Amino acid sequence: MLDIQALRNDLDSVAKRLASRGYDLNTAELKELEAERKEVQGKKEYLQSQRNSKSKEIGQAKAKGDEKLVAEIMAEVAEFGDELKQLEVADAIVQGKLKEFLSVIPNMPHASVPEGKSEADNVEVRKVGTPTKFEFDVKDHVSIGEGLGGLDFETATKIAGARFSLLKGPLARLHRALAQFMLDTHTDKHGYTETYVPYLVNAESMRGTGQLPKFEDDLFRVPRAKFEMKEGAAERALQGEIYQRGSFEAKEENFYLIPTAEVPVTNMVRDEIVSLEKLPMKFVAHTPCFRSEAGSYGRDTRGMIRQHQFDKVELVQIVHPEKSYEGLEELLGHAETILKKLGLPYRVVKLCTGDMGFSAAMTYDIEVWLPAQNTYREISSCSNFESFQARRMQARFRNAQGKPELLHTLNGSGLAVGRTLVAVLENYQQADGSVIVPEVLRPYMGGMEKISK
RNA sequence: GGAGAGGUGGCAGAGUGGUCGAAUGUACCUGACUCGAAAUCAGGCGUAGCGUUUACGCUACCGUGGGUUCGAAUCCCACCCUCUCCGCCA
């Protein structure tokens with residue numbers, strides 16, 4: 001969420017910066033809502049203040065026992081009682097509209113983010129390693145995995161459906177080895193605290209990190225039946241009536257499957273005021289991620305690239321506002337370390353304004369080399385959200401003056417485990433269909449050096 | 001799942017319809033005393049929004065949402081959460 005003050009004081013320049021990422025801010029509507037809010041709120045608060053002072057007078061009159069005066073003042077209050085009720089309703093409505101309006105506005109890009117419309121305008125920052133060369137015809141990870149008997153999409157489809165996968169034997173172990181290796185590296189070498197978090201979260205958490213209200217279609221929703229007593233049912237019961245069928249109505253309260261560990265981990269600080277000395281906070285979590293992939297029919301349908309369920313090791317930093325860009329570079333480096341240790345060629349790109357996610361102020365993607373596709377594919381995305389998520393979450397710290405101030409939040413994949421597995425299979429494949437196990441993973445594979453049939 | 005207790009400021013903890021945004025303690029800040037510190041004494045000390053924007057004024061907030069009332073932390077209803085006991089359980 002953006003700072004409402006910035007929108008009030010400097011609407012045009014906010015609109016301009018948002019336009020650079022392809023978002024057309026409806027300034028006319030905002031101005032209208034603001035004008036209405038100002039008027040309604042002003043009137044409402046004035047009448048509330050009248051009511052409060054009159055009510056106090058009633059109290060004082062009663063204390064003196066002056067019943068006549070009491071009646072007089074009550075008559076005065078009665079005069080504007082209805083108007084006040086109406087204003088309170090009107091105020092709630094306009095405040096709600098304003099909140100809704102604000103909650104779907106994306107973050108403003110950092111000044112250094114290159115302008116652009118799409119993926120094509122992203123800027124390559126660096127290339128590390130050189131694309132793997134082969135003396136034979138390369139196979140993609142599907143052929144390799146199926147050839148080894150460890151990757152089985154047919155059975156996964158039978159069990160669940162399209163866009164699920166099933167790993168067996170050494171490949172399943174390799175998948176686990178990757179996650180373990182990443183976790184160990186980030187905790188032992190990079191100073192992150194390992195966390196184990198809920199995979200189902202409430203709507204409030206999804207709102208906090210920005211997935212809701214705008215991107216509900218990308219999520220898997222898990223409704224849970226809840227029942228609330230209908231209006232008046234409780235009162236009737238108190239009068240001796242037995243609860244009737246229909247006294248309760250179903251209320252929808254959903255859980256959501258996390259699309260990334262960013263959601264539960266970042267929300268740890270929601271509605272918290274952390275002390276200055278606790279910063280920076282650095283957390284790592286290995287979780288499954290669930291995405292409905294709505295609107296991506298036909299894209300990456302083959303293989304493990306785009307799945308409804310995949311594992312990811314996620315890095316999250318909660319930092320002082322002045323340190324967030326430093327933090328982003330550091331976090332990016334931590335993610336890169338994994339690829340370097342695995343010996344996988346990759347490149348880092350800085351996303352342009354038009355390709356960034358809703359909540360991000362700046363994003364680096366790391367793309368790994370996939371020989372079978374003869375291209376680099378995204379394997380990590382590292383972003384600085386500045387105070388955008390913190391404002392939604394009311395995540396604050398006490399500054400040097402002792403005043404609460406919004407934190408900055410960062411996160412990045414370190415890395416997506418499924419795609420890393422794909423990259424290892426493809427880059428370490430051999431002519432005979434076997435796959436060499438990268439050295440850093442061997443301790444996690446019981447010393448296995450090669451996976452063959 | 002059944003029975004009971006409870007959710008108040010950073011923390012602890014009063015408050016059961018009328019100067020209560022909330023006693024008191026503690027933590028924290030300032031000043032006095034001191035060579036300095038501790039102790040002691042005096043004062044200050046919540047968050048958010050709005051209006052003038054320096055001083056100030058108003059409004060909201062006592063788990064959440066409704067209701068009763070001129071007036072609700074306090075009464076009523078629902079929900080959420082925590083704790084204790086019993087049952088069940090990976």
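For clarity, every value in this text was computed on a predicted model and none was experimentally measured. Heavy atoms only: backbone and side chains are in, while hydrogens, waters and symmetry mates are out. Residue numbers start from 1 in every chain, and the chains themselves are labelled A, B, ... in the order their sequence lines are given, proteins ahead of strands.
In this structure, of B:U59, B:G51, B:G71, it is B:U59 that holds the atom nearest to the side chain of A:Ser49. With B:G21, B:G51, B:C70 as the candidates, the nucleotide lying closest to the side chain of A:Ile58 is B:C70. When distances run from any side-chain atom of A:Lys62 to the nucleotides B:G49, B:G18, B:G51, the shortest one goes to B:G18. Closest to the side chain of A:Glu45, out of B:C58, B:C70, B:U19, is B:C58. Residue A:Lys56 has its side chain nearest to B:U19 when only B:U19, B:G49, B:G10 are considered. Considering only the side chain of A:Arg37, B:G51 comes nearest among B:G51, B:U47, B:A60. In this structure, the nucleotide among B:G49, B:C70, B:U59 sitting nearest to the side chain of A:Ser55 is B:C70.
Looking at A:His286, its side chain never comes within 3.5 Å of a backbone N or O of A:Leu183 through a donor-acceptor pair. With hydrogens and angles disregarded, a donor-acceptor distance shorter than 3.5 Å links the side chain of A:Arg419 to the backbone of A:Glu378. A donor-acceptor distance shorter than 3.5 angstrom exists from the side chain of A:Ser359 to the backbone of A:Thr209, with no hydrogens or angles considered.
When Watson-Crick and G-U wobble pairs are counted only if both distances are under 3.5 Å, B:G46 pairs with B:C61. Nucleotide B:C35 is matched to nothing when pairs are restricted to Watson-Crick or G-U wobble geometry with both distances under 3.5 angstrom. Under the Watson-Crick or G-U wobble criterion, with both distances below 3.5 Å, B:G17 is left unpaired in every strand shown. With both pairing distances under 3.5 Å, B:G1 is matched to B:C86 as a Watson-Crick or G-U wobble pair. With a cut-off of 3.5 Å on both pairing distances, the Watson-Crick or G-U wobble partner of B:C11 is B:G25. Under the Watson-Crick and G-U wobble criteria, each requiring two contacts below 3.5 Å, nucleotide B:U68 is left unpaired.
For the P atom pair drawn from B:U40 and B:G7, the interatomic distance equals 31 Å after rounding to whole Å. Taking the C1' atoms as reference points, B:G15 lies 8 Å from B:U74, given to the whole Å. Separation of the P atoms belonging to B:C11 and B:G17 is 28 Å when rounded to the nearest angstrom. When the P atom is used for both B:G43 and B:U26, the distance is 15 Å, rounded to whole Å. When the P atom is used for both B:A73 and B:G63, the distance is 10 Å, rounded to whole Å. Taking the C1' atom of each, B:C45 and B:U24 are spaced 16 Å apart, rounded to whole Å. Separation of the C1' atoms belonging to B:G21 and B:C79 is 26 Å when rounded to the nearest angstrom. Only the C1' atoms considered, B:G9 is 33 Å distant from B:A3, to the nearest whole Å.
Taking only side-chain nitrogens and oxygens, A:Asn52 comes nearer than 4.0 Å to OP1 or OP2 of B:U59. Within the structure, a side-chain polar atom (N or O) of A:Arg396 is placed less than 4.0 Å from OP1 or OP2 of B:A48.
Residue contacts shown for A:Lys43 are absent, as no nucleic acid heavy atom lies under 4.0 Å away. At the heavy-atom level, A:Lys38 lies under 4.0 Å from the strands shown only through sugar-phosphate atoms. Using a 4.0 Å heavy-atom criterion, one finds that A:Glu88 contacts no nucleic acid atom at all.
Between A:Phe220 and A:His308, the ring planes are perpendicular. Angles over 60° get that label, and only those under 30° would be called parallel. A perpendicular orientation is assigned to the rings of A:Tyr192 and A:His190, their planes being inclined by more than 60° (bins at 30° and 60°).
A distance below 6.0 Å separates the ring centres of A:Phe358 and A:Phe388.
Atom NZ of A:Lys403 and atom C1' of B:G9 are 13 Å apart (whole Å).
Minimum interatomic distance between A:Phe80 and A:Arg51 (heavy atoms only, all atoms of both residues): CZ-N, 3.8 Å.
On a pure distance criterion of 3.5 Å, no polar donor-acceptor pair joins the side chain of A:Gln41 and the base of B:G49.
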